[in-house]
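As structure tokens, the structure follows; a few thoughts come after it.
When a ligand or atom number is given, it counts from 1 through the structure's own listing order.
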Amino acid sequence: MSVGSQGVVFLLAIAMLATCALNSEARVTIENGLKTMVYLSPKITQHQGSVSNKYYYDIEFPKGHIAIKSFNAEVVDEAGNPVALHETYLHHWVVVRYYERIGIEDRKYKGNPGFLGSDQIIAGNAGICKHGLSQFFGLGSETRKTSTRVPDPYGIEVGNPLEVPSGYEEKWMLNIHAIDTRGTVDPMGCTECRCNLYNVTNDKYGRPIDPNYVGGLYCCYDEAQCQVKNGLESVKRNLYLKYTVKWVDWSDSIVPVKIFIFDVTDTWEKTGIHDCLIEYDVEQSTTGIATNDYTSSRRTSVRFPISGDVIYGVAHQHSGGIGSALYRKDGGVICSSKPIYGKGNDVGDEAGYIVGMSTCYPEPGSVKIAKGETLTLESNYSSEDSHIGVMGLFYILVAESTSESNYLVQVYEEELKVPIFSWGLAVFGLAICAAVLVAYHRRKQSEDGYQSIAT
Ligand SMILES: *[C@@H]1O[C@H](CO)[C@@H](O)[C@H](O)[C@H]1NC(C)=O
Ligand SMILES: *[C@@H]1O[C@H](CO)[C@@H](O)[C@H](O)[C@H]1NC(C)=O
């Protein structure tokens with residue numbers, strides 16, 4: 001980390017009344033057992049129209065057996081000032097946990113976006129996509145105003161030494177995809193990765209791109225260049241993703257939650273395989289004028305693998321998104337999540353951009369999913385204009401019902417007429433498993449970004 005970024009972290013730490021020392025551990029703030037740490041990613045150097053889509057391995061992250069309570073992030077400049085989306089569009093960031101064989105540090109994957117065979121094993125979320133979307137956390141432009149808080153008594157368990165394979169250690173990878181749209185001819189087009197604006201006909205590896213592919217991650221790979229206005233003098237600047245992790249030390253009173261990510265492009269319904277394509281396009285409506293309906297609605301169904309209680313939910317959409325929901329088999333809503341659009345120029349309120357997503361925090365025990373239940377994900381976009389390379393993801397955190405608690409639920413149902421007893425059982429019945437968060441991935445880019453980190 002550069003002297004500059006250390007300084008930024010240092011100032012932030014002071015601002016948070018942290019103990020002021022340059023040692024990481026000393027910068028942790030603790031409030032009622034909740035620990036907070038602010039980190040900076042490696043430096044991201046950009047100029048007008050440039051794309052950065054890099055993979056940073058072994059990032060700074062809290063150590064030990066802990067329960068993560070939230071993970072927030074934002075892009076800042078070298079002075080630590082937040083950077084607006086209309087300057088640097090945060091297309092996405094994702095955080096992936098992996099296990100690395102101890103002692104391979106010497107031959108680190110410089111520039112390699114994938115993981116190194118058996119030396120690095122992805123320790124991803126609980127499902128549901130077969131490839132891609134293995135992250136624990138991840139969001140995009142909506143990062144600043146989207147809650148990632150995991151309510152008590154739940155937590156995302158990490159760092160459990162019993163889960164790390166022998167000879168390995170737990171590490172974290174951060175992928176950041178940022179597009180500098182200052183001085184560009186069509187900023188929104190750059191954020192949608194429209195191939196014509198990037199003057200791209202081949203992908204990162206020189207393979208020809210299908211002419212029908214109008215835009216998406218193939219066209220805005222690392223170091224790609226979006227079209228800028230004539231005569232612009234190139235100005236470089238350095239940015240960081242500042243990420244804030246909150247956690248508590250692990251204890252038996254914490255109920256672990258599992259992270260599940262759904263993708264509306266999941267092909268399971270048709271193919272029986274969870275092939276998640278990550279991106280899709282929304283065509284401009286030809287009937288909207290007549291019907292005054294500009295909703296493009298996409299749906300997919302998947303079978304859920306475990307039973308448990310939903311304790312958090314959030315969707316991820318791109319500009320043009322107008323809402324998304326996860327439904328149970330009978331049509332009941334598990335969680336509905338809507339985008340919050342910015343209205344002005346301020347950081348966190350940038351007009352035209354999704355600056356936040358609404359989240360769901362169901363009363364614990366009130367939203368249950370049964371093992372094998374078929375759930376439907378719906379992602380709505382406005383089709384007033386066409387949109388390229390959009391996403392329809394949905395994250396939920398689920399506290400799994402163990403067989404013991406299934407038993408208790410049965411007893412509970414039999415004992416319904418005995419309120420005091422049933423209350424006790426209801427609370428007890430919550431005792432279980434694990435959790436979620438946000439973000440991304442990508443289609444069949446065999447060696448490229450998303451897909452490779454996911455396999
Ligand atoms: C676009 O790419 C072509 C072929 O690589 C090149 O000849 C042309 O100058 C580029 N145009 C712009 C505007 O950069
Ligand atoms: C999506 O659009 C359909 C059709 O207009 C509507 O019935 C549904 O309620 C919408 N869903 C969400 C989550 O907004």
Side-chain angles (χ1 to χ4, degrees), residues 92 127-129 133 138-143 145-148 192 259-270 276-304 309-343 351-363 366-369 373-398 436-440:
H92 69 258
I128 288 180
C129 295
L133 303 170
L139 292 169
S141 70
E142 76 275 31
T143 301
K145 289 192 173 147
T146 304
S147 173
T148 61
E192 287 192 343
I259 303 168
F260 288 93
I261 303 178
F262 305 85
D263 181 347
V264 79
T265 67
D266 190 333
T267 61
W268 180 81
E269 232 178 333
K270 291 187 195 102
C276 297
L277 308 176
I278 319 292
E279 293 182 320
Y280 67 102
D281 297 338
V282 172
E283 279 178 30
Q284 187 170 26
S285 170
T286 50
T287 57
I289 289 181
T291 59
N292 199 25
D293 179 7
Y294 288 103
T295 303
S296 159
S297 196
R298 183 158 173 158
R299 292 173 151 242
T300 195
S301 292
V302 296
R303 200 176 294 143
F304 199 66
D309 288 317
V310 178
I311 66 118
Y312 169 85
V314 69
H316 169 74
Q317 295 193 304
H318 286 193
S319 290
I322 49 176
S324 176
L326 189 63
Y327 301 96
R328 55 171 76 260
K329 201 173 179 180
D330 65 9
V333 177
I334 291 170
C335 173
S336 173
S337 175
K338 292 208 178 327
I340 302 159
Y341 281 88
K343 295 187 177 72
Y353 294 88
I354 295 182
V355 297
M357 294 294 300
S358 69
T359 48
C360 300
Y361 286 97
E363 197 62 35
S366 67
V367 179
K368 293 186 183 298
I369 304 178
E373 189 171 343
T374 301
L375 307 182
T376 298
L377 172 59
E378 177 179 64
S379 174
N380 287 354
Y381 274 81
S382 164
S383 57
E384 207 163 343
D385 294 309
S386 76
H387 294 283
I388 302 297
V390 301
M391 295 193 191
L393 303 185
F394 214 100
Y395 292 69
I396 56 170
L397 290 174
V398 176
V436 177
L437 271 209
V438 187
Y440 299 43

Checklist entry - With the threshold set at 4.0 Å, does a side-chain nitrogen-carboxylate oxygen contact exist between R299 and E378? => result yes
Checklist entry - Are side-chain N/O atoms of N380 and S297 paired as donor and acceptor at under 3.5 Å? => result yes
Checklist entry - Is atom 7 (O) of ligand 2 less than 4.0 angstrom from at least one protein heavy atom? => result no
Next on the checklist: Under a 4.0 angstrom heavy-atom cut-off, which atoms of ligand 2 come close to K338?
Outcome noted: 14 (O)
Checklist outcome for this item: For N380, the atoms of ligand 2 under 4.0 Å from one of its heavy atoms are 1 (C), 2 (O), 3 (C), 8 (C), 10 (C), 11 (N), 12 (C), 14 (O)
Next on the checklist: Ring centres under 6.0 Å, that's the criterion: do Y312 and Y361 meet it?
Outcome noted: yes
Checklist entry - Which ligand 2 atoms does A325 reach within 4.0 Å, using its non-hydrogen atoms? => result 13 (C)
Checklist entry - Between S379 and Q317, is any side-chain donor less than 3.5 angstrom from a side-chain acceptor? => result yes
Next on the checklist: Under a 4.0 angstrom heavy-atom cut-off, which atoms of ligand 2 come close to T295?
Outcome noted: 2 (O), 5 (O)
Checklist entry - Under 3.5 Å between some N or O of ligand 2 and some N or O of E378? => result yes
Item to check | Residue pair L377 / S324: nearest heavy atoms and the distance that separates them | outcome: CD1-OG, 3.7 Å
